[in-house]
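Just so it is clear: chains get the letters A, B, ... in the order the sequence lines come, proteins before strands, and each one is counted from 1.
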There are 2 protein chains.
Amino acid sequence: MVTTVMVRSAKVHPMSSLGVRSTKQRTAVAAALAELDDFRSTQEIHEYLKDRGDSVGLTTVYRTLQALSAAGDVDVILREDGESVYRVCSTSHHHHLVCRQCGHTVEVEGPAVERWADSVSAANGFTSVSHTLEIFGLCSNCSH
Amino acid sequence: MVTTVMVRSAKVHPMSSLGVRSTKQRTAVAAALAELDDFRSTQEIHEYLKDRGDSVGLTTVYRTLQALSAAGDVDVILREDGESVYRVCSTSHHHHLVCRQCGHTVEVEGPAVERWADSVSAANGFTSVSHTLEIFGLCSNCSH
DNA sequence: TCTGAAATTGACAGTCATTTTCATTTAGCC
DNA sequence: GGCTAAATGAAAATGACTGTCAATTTCAGA
Ligand SMILES: [Mn+2]
Ligand SMILES: [Mn+2]
Ligand SMILES: [Zn+2]
Ligand SMILES: [Zn+2]
């Protein structure tokens, strides 16, 4: 659950006092993410907020979701059609099982996969590695 | 190296004789892919062909690359920005180790990972699953 | 070699997610 | 309350990709 939006020191340098502000829009986006369980696109979250009465400009929803994912507060993955979808996740390293039809998401862990990725990277002389791993399919509900 | 573009039986039914034809455009796209070693976008391949003198319409390059990847003759992955990039790969199922600096790509296989993906999918009742797995890092050349 | 039906091409317009612009509003510090 | 940088959001722009369709090309059969 995410209650605070964007965490960063309010002051970086006495000369220019920069700060991230708490707004009703950011609170609304964070609340929507907390209520929604599955990966959702920016447009879906925007629509959700509109239906809910907490209308937020589409541009602001885009900006807020991007800031949240940059801060590591939400997970973002690319759907198979290339669209970005967001979800509040656990903080530990994990991957996802995502339903192509309804978006239903299950977090999965695979220590063996992590070790494999590290060893194959090392064997090929790669450093500073990171990886993406997502499984798409039809959840039991959507499998008919 | 890809020399033939699109393989399919020329006749599926005597009523409607369907067939995939060999054209200079498809040959040119296949040749470009054979010459290029790393993942490239449709626009990059279109530009490459133009510079090379074998200009092919952008729409045709899009169609040809999509047909090639649908046929399994080339690999396609989504870049971080959601753009599709293509590359000639081996025919067996594999994944990639991609240098985020120079684009250098190494094909890797991980039977254990495949089994893990299948079992975790089945355990959660997912069907029709597919997965994406890419490792990004710095190749030995780019690691300083 | 000739012919014609079906496949292909490509210029152009359309779609749609995402970004940019910028005038207006707002949060937070005094 | 006043001030100012941060934030908002409506509207326009961007850019990857798709749809359309008239013109062109392939190739199987005559
Ligand atoms: Mn992992
Ligand atoms: Mn695999
Ligand atoms: Zn589902
Ligand atoms: Zn490199």
Side-chain angles (χ1 to χ4, degrees), chain A residues 4-30 32 39-50 53-71 76-86 103, chain B residues 4-30 32 39-50 54-71 76-86:
Chain A
T4 356
V5 187
M6 256 153 284
V7 281
R8 197 203 290 173
S9 61
K11 278 196 178 180
V12 181
H13 190 284
M15 282 294 278
S16 59
S17 64
L18 301 173
V20 175
R21 297 175 181 174
S22 166
T23 64
K24 72 164 73 86
Q25 288 89 344
R26 286 172 183 170
T27 302
V29 171
F39 277 99
R40 301 292 178 192
S41 69
T42 305
Q43 313 246 11
E44 286 168 345
I45 290 169
H46 172 250
E47 191 64 26
Y48 180 81
L49 289 170
K50 183 185 292 177
D54 290 323
S55 191
V56 174
L58 181 58
T59 310
T60 299
V61 180
Y62 269 106
R63 284 189 290 234
T64 303
L65 289 172
Q66 284 163 1
L68 284 170
S69 70
V76 56
I77 65 176
L78 285 179
R79 242 169 19 191
E80 286 174 315
D81 63 358
E83 195 171 340
S84 294
V85 287
Y86 303 84
Chain B
T4 356
V5 186
M6 255 153 283
V7 281
R8 197 201 292 173
S9 61
K11 278 197 177 180
V12 181
H13 189 283
M15 282 296 278
S16 60
S17 64
L18 300 173
V20 176
R21 297 174 180 177
S22 166
T23 64
K24 73 164 73 84
Q25 288 89 345
R26 285 173 183 169
T27 302
V29 171
F39 280 99
R40 303 287 182 188
S41 70
T42 304
Q43 314 247 7
E44 285 168 344
I45 291 169
H46 173 250
E47 191 65 26
Y48 180 80
L49 289 171
K50 183 185 292 179
D54 291 322
S55 191
V56 174
L58 181 58
T59 309
T60 299
V61 181
Y62 268 107
R63 282 189 292 234
T64 303
L65 289 172
Q66 284 163 0
L68 284 170
S69 70
V76 55
I77 63 177
L78 287 179
R79 252 175 5 198
E80 281 301 308
D81 60 358
E83 194 171 343
S84 295
V85 288
Y86 302 84

- Donor-acceptor under 3.5 Å (H46(B) side chain, V56(B) main chain): yes

- Whole-Å distance, E83(A) CD to dC17(D) C1', equals 14 Å

- Query: Please give, in whole Å, the distance from dA17(C) P to I45(A) CD1?
  - Reply: 14 Å

- So, is Q43(A) close to the dA17(C) phosphate, meaning a side-chain N or O under 4.0 Å from OP1 or OP2? yes

- For nucleotides 19-26 of chain C, 5' to 3', base contacts (B), sugar-phosphate-only contacts (S) and non-contacts (-) with protein non-hydrogen atoms under 4.0 Å give BBB----B

- Item | Sugar-phosphate only, base, or nothing, as touched by S41(B) at under 4.0 Å among non-hydrogen atoms | nothing

- Message: What is the distance, to the nearest angstrom, from the CD atom on Q25(A) to the P atom on dA6(D)?
- Response: 17 Å

- Message: Taking any heavy-atom pair under 4.0 Å as a contact, classify S84(B): base, sugar-phosphate, or nothing.
- Response: sugar-phosphate

- Query: Among side-chain atoms of Q43(A) and Y62(A), is any donor-acceptor pair under 3.5 angstrom?
  - Reply: yes

- Item | Partner of V29(B) by side-chain contact (heavy atoms from CB on, under 4.5 Å), out of L49(B), T42(B), T23(B) | L49(B)

- Message: Output the rounded distance in Å from CD (E80(B)) to C1' (dA16(D)).
- Response: 17 Å

- Task: Spell out, as yes or no, whether a donor-acceptor pair under 3.5 Å connects the side chain of T64(B) to the backbone of V61(B).
- Result: no

- Message: From CZ of R79(B) over to C1' of dA17(C), roughly how many Å is that when rounded to an integer?
- Response: 16 Å

- Between E44(B) and R40(B), which heavy-atom pair has the shortest distance, and what is it? OE1-CA, 3.2 Å

- Rounded to whole Å, the NE2-P distance (H46(A) to dG9(D)) equals 9 Å

- Take atom CD of E80(A) as the centre, draw a 6.0 Å sphere, and report whether it contains more than 12 heavy atoms from other residues, nucleotides or ligands. yes

- Query: In whole Å, what is the span from the CG atom of D81(A) to the P atom of dA17(C)?
  - Reply: 9 Å

- F39(B) versus V85(B), closest heavy-atom pair with distance: CD2-O, 3.4 Å

- Just how far, in rounded Å, is P of dT9(C) from CG of L65(B)? 12 Å

